[in-house]
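The structure appears below as C-alpha cells.
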Amino acid sequence: MIAFLARRLIGAVLVLIAVSFITYLIFIKIPGGDPAQRIAGRTATDANIADIRAKLHLDDPFYAQYWGMMQSLFNGSLKSYASQLNVVNEIKKGIPATLSLCIGAGIIWLSFGILVGVISAVTAGRASDRLITVFALIGISMPVFWLGLIARYFFAQGHPFALLPDGEYVPLTTNPWQWFVHLLMPWWVLAVLFIGFYGRVLRSNILDTINEDYVRTAKAKGLSRNTVLAKHVLRNSMIPIVTLFGLDFAAVVGGSAILTETVFNLHGVGQYAAESTQNLDLPPIMGVTIYATFFIVFFSVLVDVLYAWLDPRIRPT
Amino acid sequence: MLTLVAAFALVAGGCGGGGNKSSSGGSNGGKTYPLLRVSWDAPDYMDPGLYYTVAAYQATNYVWEGLLGYKHTSGPASAELVPYLAEKMPTVSADGMNLKFTLRKNLKYSNGTDVKASDFRYTIERDFKIDSPGVGFFSAIKGVSGPNGFATTKKGHISGIITDDAARTIEIQLDHPEGDILYILALEFAHFVPTGTPASDQSTHPIPSTGPYMLQDYVPNRSFTLVRNPNYNNQIPTMPSGAPDKVVGKIITDPVASYQSVVSGQSDYDYNQVPNDRLPEAQSKYKDQLRIYTNANTWYYFLNNKIPPFNNIKARQAVNYAIDRQAIVSGPFGGLGRPTENFLPPGYPQYKKITDFTFDLAKAKQLVQQSGTAGQTVDVYGTNEEPAKGSIEYLAGQLTKIGYKPKLHLLSHGVYFQTIGNQATKAQAGHTDWYQDYPHPLDWFDVLLNGNRITQTHNNNPGNVDVPSVNKEIDALKKITELTPAVNDRWAKVDRDLMVTYATTVPYLNRSSTDFFSTKMDMSCYTFSVVLYWDWGVSCQK
Amino acid sequence: MATESTTDFTLDTAAELASEEHGAIEGKSPWLLAWRRLRRNYVALGFLLLFVAIVVMCALAPVYASQIAGTGPNEVHLGETFTRDGEQIPVVSKGGFVNGKFVAGGIPVGPQLWHAGGKYVFGADNLGRDVAVRLLYGGINSLKIGIGSALICTIFAILFALLAGYYGGSVGWIISRFFDLIWAFPVLLLAIALGTALSINGFHHFGINIEAGSLWIPTLVISFVLIPYVGRPLRGQILSLREKEFIEAATAQGASPFRVMLSELTPNIASSVLVFFTLIIASNILTEAGLSFLGAGVQAPNASWGTLIADGQDRIVTAPWLAIIPGIAIVLTVLSLNVFGDGLRDALDPRSKVRIER
C-alpha cells in the first residue's frame with residue numbers, strides 16, 4: 001500500500017510539473033503581448049519598457065523565466081501582468097466562493113442524484129421512470145451558463161420574480177443568510193447538470209446489480225426487498241458513484257465551475273481563471289492551472305485509494 | 001499670463017451644474033456629513049507616481065496635491081489652473097524656459113512632517129525610478145533627456161530642477177518652451193511625496209498626503225478608505241476642505257453589480273457607467289438620481305495612411321461617408337454619446353464644428369470605385385469589450401457594404417494597444433479612443449497625430465498620420481505658451497486639415513457617461529468639473 | 001413446447017424440433033438484432049428525426065437568408081428601418097441627445113414572427129443583424145465543430161486505444177501517460193487557454209498553417225482535450241478483448257498486428273464506438289458553446305450558438321430573446337442526440353455498461 005501511494009504521489013508531482021510547463025509554453029510561445037509594454041502603458045517611453053523587461057527578467061531564456069515564475073508562485077510574490085495584483089492572494093480570496101459553490105452543489109447533486117437513481121431503478125419501465133429519464137436527459141442537455149442566465153432573468157430580475165439576488169457572492173462570515181440566498185441559484189444550476197447524469201448511472205448500476213447472483217441468494221434467503229436493496233444492491237452500486245463523484249468534484253473545484261461562477265459573478269477561482277485567460281495574463285493562468293491540477297490529481301489519488309479500500313476485489317497493482 | 005477658458009457645453013439630464021458657487025469653488029456652503037459610500041471601479045494603483053486611470057484619479061484628487069491644481073467649480077471655469085501648494089502662479093521668463101515657484105508657508109504632510117521644496121525634485125526623480133507612465137511628460141525639463149540625462153542614468157539629480165528649502169523656492173528650467181508645461185505640473189505625477197518615499201509601488205502603504213484627505217487603507221480589488229488629513233489645517237485655501245468626513249469605497253468592477261448596489265441602497269454612488277441594458281429603467285424609475293455628462297474624449301477609427309487601401313485619400317473619404325455616426329451612438333453606446341467629425345472635443349476654445357461628412361452610402365461606394373481599391377482585404381482591429389466591439393463590428397459591416405473585404409481581429413484590451421501600436425501588425429483600420437490628460441490641443445495632436453513622432457513599436461499614431469505641413473505647424477504651435485484667439489484659430493485649422501482636407505482619421509463620437517446616486521445624496525449640490533468629473537468633495541446629503 | 005422426453009436433449013434434437021414447428025433456426029447477426037430493437041424505439045427514432053431536421057434547417061441557412069430574410073448573417077442594419085404591417089420601424093431604437101434631453105436607445109426590435117414578411121422573424125440583435133439568420137448560420141458552425149471534433153476525437157482515440165491496448169508494454173505506457181496528462185488538465189481551462197491563445201494569431205508551426213478565425217481551432221482544441229475520455233474506456237475494452245481466444249487464434253494463424261487490430265479488434269469495439277460517437281457530439285456541442293461564450297471558441301464576426309448567447313447576455317433585460325433563443329436551439333439539438341444515443345446503446349447491448357466518464 002505504501003509503495004502504491006508513494007508511486008502515485010511521485011506521479012502526481014511529475015504531472016503537476018508537466019502541466020505547468022505546458023501551460024507556460026502555450027502562453028509564452030503562442031500569442032501576443034509583451035508584458036512590459038502592457039504594464040508600462042500607452043504613453044510609456046522606451047526606457048520604461050526596457051527597465052520593466054529587466055525587472056521581470058523577460059529577456060532571460062524561456063526555461064529560466066519558467067523557473068523564476070514557479071519560484072515566485074510558490075513563495076507568494078507572483079504578480080499579474082494586467083493589474084499588479086498578487087496572484088496567490090487573488091486565488092486565496094476566490095477559494096471560499098468556489099468551495100461554497102462546489103460543496104453545496106455537490107451535496108445537492110449527490111443526494112438528489114441518488115434519490116433519482118433509486119426511484120427510477122425501483123420503478124424501472126413505469127411512467128415515473130420514464131418521466132425522470134426525460135427530465136434527466138433535458139438536464140444534461142442544457143448549457144450551464146445559459147441556464148444560469150435564464151435563472152437570473154426569471155428569478156432575480158423581476159420577470160416575473162425578483163426573489164433572489166442577481167449574482168455576486170457574500171462570504172459566510174459576513175452574513176450567513178445572504179451567503180445562502182446568493183448561492184441558491186448557482187447551486188441548483190450547477191447541480192441540475194449532474195443530477196440527471198448521476199441518476200442514470202446509478203439506475204443502470206442498480207439494474208445490473210439486481211441481477212447478480214449474490215442478490216438472488218439474499219432474496220432466496222428470505223431477506224425483505226428493502227433490506228436487500230439497502231444492504232446489498234445500493235452499497236455495491238454506489239462504489240462507481242463514489243469514484244465518479246470524487247473525480248467530478250475535483251474537476252468542478254478545479255475549474256468546471258468556471259461557467260457558473262462567471263455567469264453569477266461569484267468571483268471565485270474559476271472566474272478569476274476565465275478572466276485571466278481572456279486577458280492573456282500569464283501569471284494568474286499559471287497559478288490557477290497549478291491549483292486546479294493539484295485538486296484533480298489529489299482527488300484522483302484519493303479516489304484510487306478509496307476504491308481499493310472499499311472493494312477488496314481490487315488490489316492496487 | 002496664461003488664460004484658458006474652455007467653453008465647455010455641459011448637457012445633462014436636467015441639471016447643468018451646482019448651485020451657488022463660493023470663492024473656493026465648493027458649492028455646498030461648507031456643510032459636512034459623516035460618511036460617503038461609493039461603488040468604484042478598480043484603480044490601477046493608489047500611488048501618485050504610478051496611477052493613470054480615472055478610477056484612481058477621481059478618488060484621490062483630494063489626497064495628494066501638487067504645485068498647481070484645478071479650480072473646484074462647475075462649468076468651463078473648472079478647467080482653470082490655480083495655485084495649490086504654490087503660493088501663487090509661477091513667474092515665467094520671457095522665453096518661457098524658466099519657471100519659478102514659491103511654496104506656501106507651513107505646509108505639512110498627513111504624518112506631520114514638513115513639506116519641503118526639495119520634495120518636488122524627489123517626486124519627479126522618483127517617477128523615473130519607478131518607470132512611471134508619466135515620465136514622458138517631463139522630457140522637456142533640463143537634465144532629463146539625452147544620453148546622460150536622468151531618464152537614462154537615473155543617477156544624481158535632475159539639473160533642471162533647483163530648489164531651496166529655506167527660501168521655499170522651486171526653479172524649473174526647460175530645454176525649450178512647452179505650451180502645456182503648467183498643465184503638466186498639475187498632473188498626478190507631480191503631486192508631492194515626501195523625500196525618502198521608497199522607489200517602488202506604495203499603493204498598499206499609503207504615502208503621506210498634502211490634501212484635505214489621506215488614504216487610510218487600500219486593499220487591491222476590494223476596497224479603499226479615505227479619512228480627513230489631521231494635519232491639513234486648510235493649508236490649500238484654493239480648494240474645498242471636503243464635505244464627507246469619511247469615504248468608503250467598495251471596488252465592484254461589474255457595472256451591473258455596482259448599479260444594483262446603489263439601487264439597493266448599499267452604496268451612495270456608482271462610479272461605473274450604468275449599463276445600456278439598465279439605462280431605460282434608470283431613466284424612468286430613478287431619473288432624479290441620474291446625471292449624464294460628456295467629458296473630453298473622442299472615439300475614432302484610425303485608418304493606416306501608409307499602406308493600401310487607405311493610403312489613398314478617396315478611400316479614406318469613402319469611410320467618412322460610409323458611417324452613420326448617430327446610429328453608432330444609438331446602437332453600441334445606447335445613446336450615451338454625441339456624434340462628432342472633429343478630433344478635438346467640443347468645449348475646447350480651439351473647437352470649430354466640422355459638418356462635411358454626412359452619412360451617404362452611395363457616395364461612399366462611388367469614392368471606393370474611383371479610388372481603385374474596391375475588393376481589397378482590410379484587416380480591422382478592435383477589442384472584444386463593448387462598446388468598442390460593437391463599434392468595430394459596425395465599421396466592418398459598413399466596409400463590406402462599400403466594397404471591401406474586412407477581416408475582423410478582436411483582441412483583449414490588455415494587449416490591444418501594443419498590437420496596433422506595432423508597425424509589424426500592419427493594421428489597416430481599427431478602433432481607438434483618447435481621453436484628455438489636460439485640456440490642451442497639444443495633448444491631442446502632438447501625442448496622437450504628429451507624423452514626426454511615429455515609432456516602430458508602442459506607436460500612439462496607429463494610423464501613421466503624417467502630413468508634413470501639419471507636422472510643422474504642430475511643432476511650431478508647441479512652442480507657444482499663450483493661447484490667443486489667433487493661436488486657437490491655428491489649432492482649429494490643424495483639426496480641419498487633418499480631418500477634412502487630408503481625411504486622415506475618422507472620429508465618430510464623444511462618449512457620454514453617467515453618475516448614479518442613491519436617494520440619500522442631495523442632488524442640489526451636484527458639481528461637475530470638466531477635469532475632475534463629479535466633485536465629491538463638495539457634495540451633500542439629505 | 002416439445003413434450004417431455006426421456007431422451008437426451010441435444011442441439012441436434014432441438015434443431016429437429018424447431019424445424020418441425022417454425023422452420024430452420026437462422027443465426028442472426030448482432031447488428032440485425034440491434035437494428036430491430038432500435039426500430040421499435042419510436043422515441044429514439046423521433047429524436048433522431050429532430051436532429052436531422054435541425055441539421056437540414058441549418059444547411060439551408062443561405063436559402064433562408066436570401067429568400068426569406070433578405071439579409072446575410074453579418075450584415076448590420078444599424079440606423080435602418082423596416083416595414084411591419086405598413087409601418088416603418090427602426091431596427092434598433094434611436095438614442096442620444098434630442099433637444100438637450102437624453103433618450104436611452106440601442107434596443108433592438110423583438111421577434112416579428114410573420115409580421116414583417118420574413119424579416120427579423122426572431123428579432124434583431126444590437127447591431128441590427130437578423131437573429132434567425134445568425135441562428136441558422138451559427139448552427140452550421142456549432143454543428144460543424146461538434147461533429148467534426150467528435151469525428152477527429154473518436155478516430156484518434158481508437159488509434160491510441162488500439163496501439164496501447166494491443167501492444168501494451170512501453171507503447172502502452174507512453175500512451176497511458178499521455179492520456180493521464182491531458183486528463184489531469186482542468187479540461188475547460190485547457191480548452192479556454194488553447195482557444196484563446198490560438199485565436200490571436202492562429203497556429204503556424206510544424207508546417208501547419210491555420211488562420212486565427214478558422215473553425216479548425218475550436219474543432220482541434222475540443223478533439224484534443226477529449227481524447228482521453230474516449231480513449232481510456234476503449235483501451236480498457238481492448239485490453240480485455242486481447243485475452244480472448246479469437247485473438248490468440250488469429251495471431252497463431254500468422255495475422256499481422258495491423259490485421260488483428262483492423263479485422264478482429266475494431267469490429268468488436270464498433271458498438272461502443274458508435275454510442276460514444278453520438279454522445280460525444282452532444283457533449284462537444286455543449287463544450288463549444290461554453291468556449292464560445294467565454295470568447296475562446298468561434299471568433300467574431302462568425303457566429304455560433306455560444307457566441308449568440310454571449311452577445312445576448314448584455315441585453316438580457318431589454319432584449320431577452322437574444323440569449324434565450326440560441327439556448328433553446330442548443331437544448332433541442334443536444335437532447336435529440338442524447339435520447340437517440342441512449343436508444344442506440346439500448347439497442348446495441350441492452351445490458352451494456354458503456355458510458356462516458358466525465
Side-chain angles (χ1 to χ4, degrees), chain B residues 9 11-14 16 255-256 274-284 287 290 292 294 323-339 359 380 382 384 386-387 389-398 400-401 406-412 415 419 509 512 514, chain C residues 71-81 90-108 124-129 196-197 199-202 211-214 292 294-296 298-303 307 310-320 322-323:
Chain B
V11 179
V256 174
V274 174
N276 291 353
D277 205 23
R278 307 302 173 108
L279 261 182
E281 165 192 295
Q283 265 248 293
S284 57
K287 199 167 169 20
L290 187 67
I292 296 172
T294 312
I323 57 169
D324 182 352
R325 290 166 167 83
Q326 181 58 52
I328 306 179
V329 168
S330 299
F333 290 81
L336 283 175
R338 294 167 187 282
F359 176 54
V380 180
N384 52 21
E386 293 293 343
K389 178 168 180 251
S391 162
I392 265 301
E393 284 185 296
Y394 174 74
L395 176 68
Q398 299 303 95
T400 313
K401 287 184 189 165
K407 250 184 73 162
L408 204 53
H409 303 263
L410 294 180
L411 307 175
S412 140
V415 299
T419 308
L509 58 75
S512 308
T514 59
Chain C
T71 179
N74 297 333
E75 248 182 83
V76 300
H77 298 286
L78 214 50
E80 297 177 26
T81 60
V91 178
V92 175
S93 77
K94 250 190 117 171
F97 294 92
V98 180
N99 300 330
K101 292 212 72 183
F102 173 75
V103 174
I107 303 172
D125 74 0
N126 58 347
L127 288 177
R129 296 176 291 207
T196 310
S199 69
I200 314 259
N201 289 327
E211 283 307 310
S214 162
S292 297
L294 292 176
V298 175
Q299 298 296 309
N302 291 334
T307 63
D311 288 343
Q313 222 193 161
D314 285 336
R315 279 248 162 242
I316 188 99
V317 173
T318 45
L322 293 177

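Throughout, protein chains are lettered first and strands after them, A, B, ... in sequence-line order, and every chain is numbered starting at 1.
Both the backbone and the side chain of Ile316(C) have a heavy atom closer than 4.5 Å to some heavy atom of chain B. Heavy atoms of Val317(C) lying under 4.5 Å from chain B belong to its backbone as well as its side chain.
Between chain C and the options Ala327(B), Pro406(B), Pro339(B), heavy-atom pairs under 4.5 Å are most frequent for Ala327(B). The candidate from Gly106(C), Gly79(C), Pro108(C) with the greatest count of non-hydrogen atom pairs under 4.5 Å with chain B is Gly106(C).
In this structure, CG on Leu78(C) lies 7.5 Å from CD1 on Ile328(B), to the nearest 0.5 angstrom. In this structure, CD on Glu386(B) lies 11.0 Å from CD on Gln313(C), to the nearest 0.5 angstrom. Expressed to the nearest 0.5 Å, how far CZ of Phe102(C) lies from CG of Leu279(B) amounts to 5.0 Å.
A pairwise comparison of heavy atoms in Ser93(C) and Ser330(B) identifies O-CB, 3.7 Å as the closest pair.
Taking the side chain as every heavy atom from C-beta outward, Asn276(B) and Arg315(C) approach each other to under 4.5 Å. In this structure, Ser512(B) and Phe97(C) have side chains that are in contact, with non-hydrogen atoms separated by less than 4.5 Å.
Only one option out of Asp311(C), Asn126(C), Asp314(C) pairs with Lys389(B) in a side chain to side chain donor-acceptor pair (under 3.5 Å); it is Asp311(C).
In this structure, the side chain of Lys401(B) engages the main chain of Val76(C) through a donor-acceptor pair within 3.5 Å.
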